[in-house]
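Below is one structure, written out as structure tokens, with a few remarks after it.
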Amino acid sequence: DNVTFNYDGQKNVLEGINLEAKPGEIVGITGPNGAGKSTLVYLICHLYEATSGSIFIDGYDIRKVKLESLQNQIGLVLQDTLLFYGTIAENIAYGKPDASKMEIIFAAKACGAHNFIMRLPDAYDALLREGGVGLSGGEKQRISIARVLLRNPRIVIFDEATASVDLETQLIIHKTIKNLAQERTIFIVSHNPS
């Protein structure tokens, strides 16, 4: 509601932004580099504080909600994936360490990661090195999406999530987004309007 934001107290990056998104909607945010696309979604996540105006989720001002509660409702898929040393299953379950093997597999299947994981010598027990060395960009991205799906957030944000993946992976991710949108609010940030 009438959100303005600046980093330095001088030049506004965003000014007077009004936006309403409902459950089941896919909201595309596009524009050139530096237009404030990522800033807008980081404000929704409360990673930044709006300079003026307010952001509400289900009528609750996010400034008055516990950060942990807010973070449980939002899943963020970035262009650069963060994978750590451990098994694929551990990487997927990072946000929900008590997840069952079936939950992990279900999340991987939902984003098209299951098939490539099953081709690995140890499948879900395959050990990844820091950064996911040895996996393609698309494979890393699908593990990152599975991690978000496993947590089952009500809001999912894809911030340039398909910028560095091949066409086949883009199509898989787009299909996943359409399936997710039935129950969630989806924000897609991209400099590419398509």
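Note that the structure is a prediction, hence the values are computed from the model and not measured.
- To the nearest 0.5 Å, atoms OG1 (Thr51) and CG (Leu43) are separated by 8.0 Å.
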For this session: With side-chain contact (heavy atoms from CB on, under 4.5 Å) as the test, would you mind laying out the steps for Gln141 and Cys111 before giving the verdict?
Result: CA-CA 10 Å; Gln141 194 62 285; Cys111 67; over 6 Å; no
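- Counting all heavy atoms, side chain and backbone alike, Arg63 lies closest to Ser54 at NH2-OG, 2.9 Å.
- For OH of Tyr7, the number of neighbouring non-hydrogen atoms (other residues, nucleotides, ligands) closer than 6.0 Å is greater than 12.
- Grouping the Ile, Leu, Val, Met, Phe, Trp and Tyr side chains by contacts below 4.5 angstrom, directly or via other members, places Tyr94 apart from Leu135.
- Other cluster members for Phe56: none, since no ILVMFWY side-chain heavy atom sits under 4.5 Å from it.
- Listed by first and then second residue, the salt bridge (charged side-chain N to carboxylate O under 4.0 Å, His left out) pairs that reach into residues 112-127 are Lys101-Asp125, sequence neighbours excluded.
- Pairs passing the salt bridge (charged side-chain N to carboxylate O under 4.0 Å, His left out) check and including a residue from residues 28-43, sequence neighbours excluded, do not occur.
- Put simply, the side chain of Arg151 gets close to the backbone of Ile74: a donor and an acceptor are under 3.5 Å apart.
- To the nearest 0.5 Å, the span separating CG on Leu76 from CZ on Phe158 amounts to 10.0 Å.
- Counting side-chain heavy-atom gaps under 4.5 Å among Ile, Leu, Val, Met, Phe, Trp and Tyr, Leu82 is found in no cluster with other residues.
- With rounding to the nearest 0.5 angstrom, the CZ atom of Arg129 is 12.5 Å from the CG atom of Leu83.
- Side-chain atoms of Thr185 come within 3.5 Å of backbone N or O of Lys22 as a donor-acceptor pair.
- The side-chain contact (heavy atoms from CB on, under 4.5 Å) check on Glu103 picks up Lys96, Ala99, Ser100, Leu150, with sequence neighbours excluded.
- With sequence neighbours excluded, no residue forms a salt bridge (Lys or Arg N to Asp or Glu O under 4.0 Å) with Asp98.
- Between Val27 and Ala21, the shortest heavy-atom distance links the atoms CG2-CB, 3.7 Å.
- Closest approach of Ala146 and Ala107 over heavy atoms only: O-CB, 3.5 Å.
- Taking the side-chain contact (heavy atoms from CB on, under 4.5 Å) definition, one finds that Thr4 meets it with Asn12, Glu15, Ser52, sequence neighbours left out.
- The minimum heavy-atom distance between Cys45 and Leu67, with the atom names listed, is O-CD1, 4.3 Å.
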For this session: Given side-chain contact (heavy atoms from CB on, under 4.5 Å), test Tyr124 with His114 step by step and report yes or no.
Result: CA-CA 9 Å; Tyr124 286 86; His114 179 73; 2.7 Å; yes
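- Here the side chain of Asn91 pairs a donor or acceptor atom with the backbone of Phe84 at under 3.5 angstrom.
- For Phe116, there are no ring pair (Phe, Tyr, Trp, His ring centres under 6.0 Å) partners, not counting sequence neighbours.
- Linking Ile, Leu, Val, Met, Phe, Trp and Tyr whenever their side-chain heavy atoms come within less than 4.5 Å leaves Ile88 and Leu127 in two separate clusters.
- Counting only residues at least two apart or in different chains, salt bridge (charged side-chain N to carboxylate O under 4.0 Å, His left out) contacts with residues 65-76 are absent.
- Residues passing the side-chain contact (heavy atoms from CB on, under 4.5 Å) test with Arg154 are Asp58, Gln73, sequence neighbours excluded.
- One hydrophobic cluster holds both Val41 and Val65 under the rule that ILVMFWY side chains link at heavy-atom gaps under 4.5 Å.
- For Val77 against Ser144, the heavy-atom pair with the smallest separation is CG1-OG, 4.1 Å.
- Applying the side-chain hydrogen bond (donor to acceptor under 3.5 Å, both in side chains) test to Asn18 and every residue at least two apart in sequence or in another chain returns nothing.
- Placement of Tyr85 and Ile143 in two distinct hydrophobic clusters is found when ILVMFWY residues are connected by side-chain heavy-atom separations under 4.5 Å, directly or transitively.
- Under the side-chain contact (heavy atoms from CB on, under 4.5 Å) criterion, Ser38 pairs with Tyr42, Asp159, Val189, not counting sequence neighbours.
- The residue from Ile117, Thr87, Val148, Leu149 that alone fulfils the side-chain contact (heavy atoms from CB on, under 4.5 Å) condition with Ile92 is Ile117.
- Taken from CG in Leu14 to OH in Tyr48, the straight-line distance is 10.5 Å, to the nearest 0.5 Å.
- Hydrophobic cluster membership is shared by Val13 and Leu40, with clusters built from Ile, Leu, Val, Met, Phe, Trp and Tyr side chains linked at under 4.5 angstrom.
- Once rounded to the nearest 0.5 Å, the distance linking CD1 of Ile57 with CG of Leu70 reads 5.0 Å.
- The CD1 atom of Ile157 sits 9.5 Å away from the CD1 atom of Ile186 when rounded to the nearest 0.5 Å.
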